Asks: 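The structure that follows is given in the form of structure tokens.
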Amino acid sequence: NVKVRQAVRAAVDLNEINKLAYQNTATPATSFMPYKMQYWKDDLPKPAVDLAKAKSLMSQAGFPHGFSTNIITVSGDAAGQAEAVVIKSDLAKIGIQVSIESYELVTAYDKERTGNYGLGERYWTNDIIDPDEVVTFGVVKNAGSNSFDTYWSDPTATKLANDARSETDTAKRQQMY
């Protein structure tokens, strides 16, 4: 539900995650693209917490009183546990009750691969600086990762990703990504 995803984005305080999990040493995300990847845009607006907007989006989504879900984390990962604590606290403010479930790494990822979970934490590293790898992995459901195990799929997004991947003109690719 796109409205629920937007509500979560409006409710979660990335600066608080940065403070608690990373001692203010991280750069909070402003887009789907990892920080400083090729074509990274420094001028994107920084996400801000807006609980009124989040609550309104939850109502529009058909969940005016929220719901319960889980977040899968990796046990022994102090930063990941701290992120989960902030997410749980922030989402409670808009009626989403989050149960934190911690597992060793392989079990956590196996549980996420089923697609039967509410929220999950994953590490994201880039083998190459070109955005094709990240975009394909996260957007193209049938590219081997099931859209980063979210099983999200959108034909328009898939077409945009495939078009950008096949473009050879650097300036055009930058606009596409």
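Source: prediction; values computed, not measured. We're numbering straight along the sequence, starting at 1. Values below: every heavy atom of this structure, side chains too, minus hydrogens, waters and symmetry copies.
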Asks: Which atom names give the shortest non-hydrogen contact between Glu112 and Gly120, and what distance separates them?
Replies: OE2-CA, 3.2 Å
Asks: In terms of hydrophobic clustering (I, L, V, M, F, W, Y; side-chain heavy atoms under 4.5 Å; direct or indirect links), are Ile94 and Leu14 co-clustered?
Replies: yes
Asks: Rounded to the nearest 0.5 Å, how far apart are OG of Ser147 and OH of Tyr151?
Replies: 10.0 Å
Asks: Does any N or O in the side chain of Arg173 come within less than 3.5 Å of the main-chain N or O of Glu167, such that one atom is a donor and the other an acceptor?
Replies: yes
Asks: For Gln81 and Val74, indicate whether the former's side chain and the latter's backbone hold a donor-acceptor pair under 3.5 Å.
Replies: yes
Asks: Write down the atom of Val134, the atom of Met37, and the distance for their closest heavy-atom approach.
Replies: CG2-CE, 3.5 Å
Asks: Any heavy-atom pair between the side chains of Ser99 and Ile71 that's under 4.5 Å?
Replies: no
Asks: When rounded to the nearest 0.5 angstrom, what is the spacing between CZ in Arg9 and CG in Leu57?
Replies: 12.0 Å
Asks: Between Glu133 and Asp127 (side chain of the first, backbone of the second, donor and acceptor by atom type, cut-off under 3.5 Å), is there such a pair?
Replies: yes
Asks: Does the side chain of Val49 reach to within under 4.5 Å of the side chain of Glu16, using non-hydrogen atoms?
Replies: no
Asks: With under 30° as parallel and over 60° as perpendicular, where do the rings of Tyr177 and Tyr39 fit, or are they tilted in between?
Replies: parallel
Asks: What's the spacing between Lys41 NZ and Met33 CE if we round to 0.5 Å?
Replies: 11.5 Å
Asks: May I ask you to check whether Thr170 and Gln174 show a side-chain donor-acceptor distance below 3.5 Å?
Replies: no
Asks: Would a single hydrophobic cluster contain both Tyr117 and Tyr103, if residues Ile, Leu, Val, Met, Phe, Trp and Tyr are joined by side-chain heavy-atom contacts under 4.5 Å?
Replies: yes
Asks: Mind checking whether Thr158 and Lys141 have side chains closer than 4.5 Å, heavy atoms only?
Replies: no
Asks: To the closest 0.5 Å, what do you measure between CG (Asp50) and NZ (Lys55)?
Replies: 10.5 Å
Asks: Out of curiosity, does Leu20 fall in the hydrophobic cluster containing Val98 (side-chain heavy atoms, cut-off under 4.5 Å, transitive links)?
Replies: yes
Asks: Cluster question for you: counting only ILVMFWY and a side-chain heavy-atom cut-off of under 4.5 Å, with indirect links fine, are Val8 and Leu51 together?
Replies: yes
Asks: A side-chain contact here means heavy atoms from C-beta on lying under 4.5 Å apart; do Tyr22 and Ile17 qualify?
Replies: yes
Asks: Quick one: are Val139 and Trp152 in side-chain contact, heavy atoms under 4.5 Å?
Replies: yes
Asks: For residues Phe67 and Val4, determine if any side-chain heavy atom of one lies less than 4.5 Å from a side-chain heavy atom of the other.
Replies: yes
Asks: Tell me if a side-chain donor or acceptor on Asn70 pairs with a main-chain N or O of Gly118 at a distance below 3.5 Å.
Replies: yes
Asks: Only one of Ile87, Thr69, Leu119, Asp90 clears side-chain contact (heavy atoms from CB on, under 4.5 Å) with Ile96; which?
Replies: Thr69
Asks: Is the closest side-chain donor-acceptor distance between Thr73 and Glu121 under 3.5 Å?
Replies: no
Asks: Roughly how far, to the nearest 0.5 Å, is the NZ atom of Lys36 from the CG atom of Asp42?
Replies: 4.5 Å
Asks: Output yes when a side-chain donor or acceptor of Thr114 lies under 3.5 Å from a complementary backbone atom of Asp110, and no otherwise.
Replies: no
Asks: Minimum heavy-atom separation for Val135 and Phe32, please, with both atom names.
Replies: CA-CE2, 3.9 Å
Asks: With side chains defined as the heavy atoms from C-beta onward, is the minimum distance between Ser31 and Trp40 less than 4.5 Å?
Replies: yes
Asks: Measure from the side-chain N and O atoms of Asn18 to the backbone N and O of Pro28, and report whether any donor-acceptor pair falls under 3.5 Å.
Replies: no
Asks: Give the minimum heavy-atom separation between Gly66 and Met58, together with the two atoms involved.
Replies: CA-CE, 3.9 Å
Asks: Going from OG on Ser75 to CD1 on Ile100, what distance comes out if it is rounded to the nearest 0.5 angstrom?
Replies: 13.0 Å
Asks: State, with a plain yes or no, whether a side-chain heavy atom of Lys159 is found less than 4.5 Å away from one of Pro155.
Replies: no
